[in-house]
Amino acid sequence: MKELRGIPASPGIAVAPAFVLVDDADGSVPDYGIREEDVADEWRRLLAAFERARTEIIELRDKAREEMGEEKGAIFDTHLLMMDDPDVIDKLEASLKDTLRNVEQVILQVERDLVEKLGRLDEAMFRERAADIRDVVSRVLGHLLQKERFRLGDLVDECVIVARDVLPSDLMTMNRKAVKGIVLEAGGKTSHSAILARAFEIPAVLGLGSAAREIRSGTKLAVDGFSGVVTVSPDESSVTAFLSKGARFAARERDLLAVAFLPAETPDGRRVLVKANIEVPDEAEGALRHGADGVGLFRSEFLFLGRAGGPPDEDEQYAAYRRVVETMAGRPVTIRTLDIGGDKALPELAELEERNPLLGWRAIRFCLSRKDVFHAQLRAILRASVHGEVRIMFPMISGAAELDEALDALGEAKDELAAAGLAFDPAVKVGIMIEVPSAAMTADILARHSDFFSIGTNDLIQYSVAVDRGNERVAYLHQPFHPAVLRFVRFTIDSAHAAGIPAGMCGEMASDPYAAALLLGLGLDEFSMSSVSIPEVRRLVRSISMERARALAEEALSLGSPLEIDRLLRERLDPEVGALLR
């Protein structure tokens, strides 16, 4: 029995035999020389294979759009763009003439060169695009060699897919009833594999390094998509414990769902809103199933990541935003404008060698310097506002001047739509993320120009305590109960209320039931979190009075260390929260 640890990419628990996908393309492709007079015939063979592969990809794209929406179809638009890239075509033709090898070997060598080039880049997003290159090359090679590609749709027995990576086209066509889990050596939370696994609600652990080489087909695996742990060959007692854990999670969720559609109201009448954080439009339906009062954070950058050929245009964005708004059926939807940079890079940022990208050209700073991208997004959001209650939220605002410039851009976008005769809600509400200390300390000033605040604790903690939460050596310092963080939160909430606007929170802290009681006592109006956490926080709110929550918050703020505050909350709240978590 062995444990492998990776990135928890899609939540859930699965126990099933491994089905290992072996990438054996290199060993099964013929390698031979050709004469100069054969070059034209080889080139025609390649173009014919390209055309057949293109037809297949178009069919997959259309299927993805029909079943899952425009953003999933965009994955295969990326494949089509690769096939039509003139630089790639020229490189293939030049290589064929220079090497005088068969086209199968030529396309394999070009694939190796491109994948190696991507692998040298720091950003995980670019390394993950190697899966798309392999997908296209594998498809073209299949036609050149006239052999059938193995289809995951042919799987019958329950299994956990184990591979270096899984091609997006394979995930689209797999038998979802048979595939209980996905374990990959490559990828991260923004890779296409992770995105599709979450959309299909299949537990997935990515970034395991050598999993495919260490696991054999038929080996029993236990996959924990919550913690990112994969247990290889678990013994019977471990399997029993693992399944019991899964059953407890399922039973707890069923129990919590009993209160999912009840108001998040304290026994003494204080009502708050509990909303969902989503990354893709498909998650809106899950938010409704878990009783969300709306979408408190739609991370729109998902639409921009992992694309070739530039950012999505206005119409594509509008379709995605409209889909979420209509799915939420009148519940408010807060769309955060593009929060890119730092650990989420676009091709425009690839060549920037910033010494500290987390403090660099990112989020609203990027948007204000790329008005073409910003205006297209603002117009798309505004157009979606006629289909329901839409709110616009600007990320990483550091001061009033920045907010004024963003509001000016929004005004220009409104003027452009009006001039074009396109409908939008002229009174759409506009708010900001409070996630840097300068914004928290000037919250009273920023509140004069905002319709709402949403506190992004993930970054607020990082910037307040000067800790990179991705650095394992200092991750222990990323503490939501640090007294400085709590004082920033309290001042932000108080400033919002003094200006007559609501204050919410969309950072991970909002989903912690212990923290939720403290935040309730500080006066937080809205909590936004992953959909599965909504019922748990809703139940907590319904179990604690405001009088008790305020007293708890005051006592917590009098303490001097995160450890003391954490101990206080656990001691005082264990009867309510502990019962939920056990």
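Just so it is clear, the structure is predicted and the values come from calculations on it, not from any experiment.
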Examine distances only and state if a side-chain atom of Ser95 and a backbone atom of Lys91 form a donor-acceptor pair shorter than 3.5 Å. no

Checking Leu382, Thr334, Ile335 against Val390 for side chain to side chain contact (heavy atoms under 4.5 Å, CB included), the one that qualifies is Ile335

Taking atom CD of Glu37 as the centre, does the number of heavy atoms from other residues, nucleotides or ligands within less than 6.0 Å exceed 12? yes

Could you check if a side-chain atom of Phe50 sits within less than 4.5 angstrom of a side-chain atom of Val140, using non-hydrogen atoms only? yes

In plain terms, say whether Glu314 and Arg383 are close enough for a salt bridge, that is, a side-chain N and a carboxylate O under 4.0 Å apart. yes

In terms of side-chain geometry, is the basic nitrogen of Asp339 or Arg299 positioned less than 4.0 Å from the acidic oxygen of its partner? no

Between Glu93 and Lys97, does any NZ, NE, NH1 or NH2 come within less than 4.0 Å of an OD or OE carboxylate oxygen? yes

If you count the non-hydrogen atoms of other residues, nucleotides and ligands that lie under 6.0 Å from NZ in Lys220, is the total more than 12? no

Please confirm whether the backbone N or O of Val229 pairs with a side-chain atom of Asp224, one donor and one acceptor, at under 3.5 Å? no

Would you name the heavy atoms of Arg336 and Pro395 that are closest together and state the gap between them? CD-CB, 3.8 Å

For the pair Glu158 (side chain) and Ala16 (backbone), establish whether a donor and an acceptor sit closer than 3.5 Å, ignoring hydrogens and angles. no

Check: Glu402 side chain, Ile364 main-chain N or O, donor-acceptor pair, under 3.5 Å: no

Go through it in stages, so that I can follow the logic: the residues are Val20 and Thr219, the test is side chain to side chain contact (heavy atoms under 4.5 Å, CB included), and I'd like the CA-CA distance, side-chain angles, deciding distance and then a yes or no. CA-CA 9 Å; Val20 181; Thr219 303; over 6 Å; no

Here's a test for you: under salt bridge (charged side-chain N to carboxylate O under 4.0 Å, His left out), which of Arg176, Arg289, Lys180 qualifies with Glu201? Arg289

Would you call the rings of His387 and Tyr318 parallel, tilted or perpendicular, where under 30° means parallel and over 60° means perpendicular? tilted

With side-chain hydrogen bond (donor to acceptor under 3.5 Å, both in side chains) as the criterion, how do Gln462 and Asn458 come out once you've worked through the C-alpha distance, each side chain's angles and the decisive distance to 0.1 Å? CA-CA 7 Å; Gln462 175 171 250; Asn458 299 347; over 6 Å; no

Under-4.0 Å salt bridge between Arg45 and Asp38: no

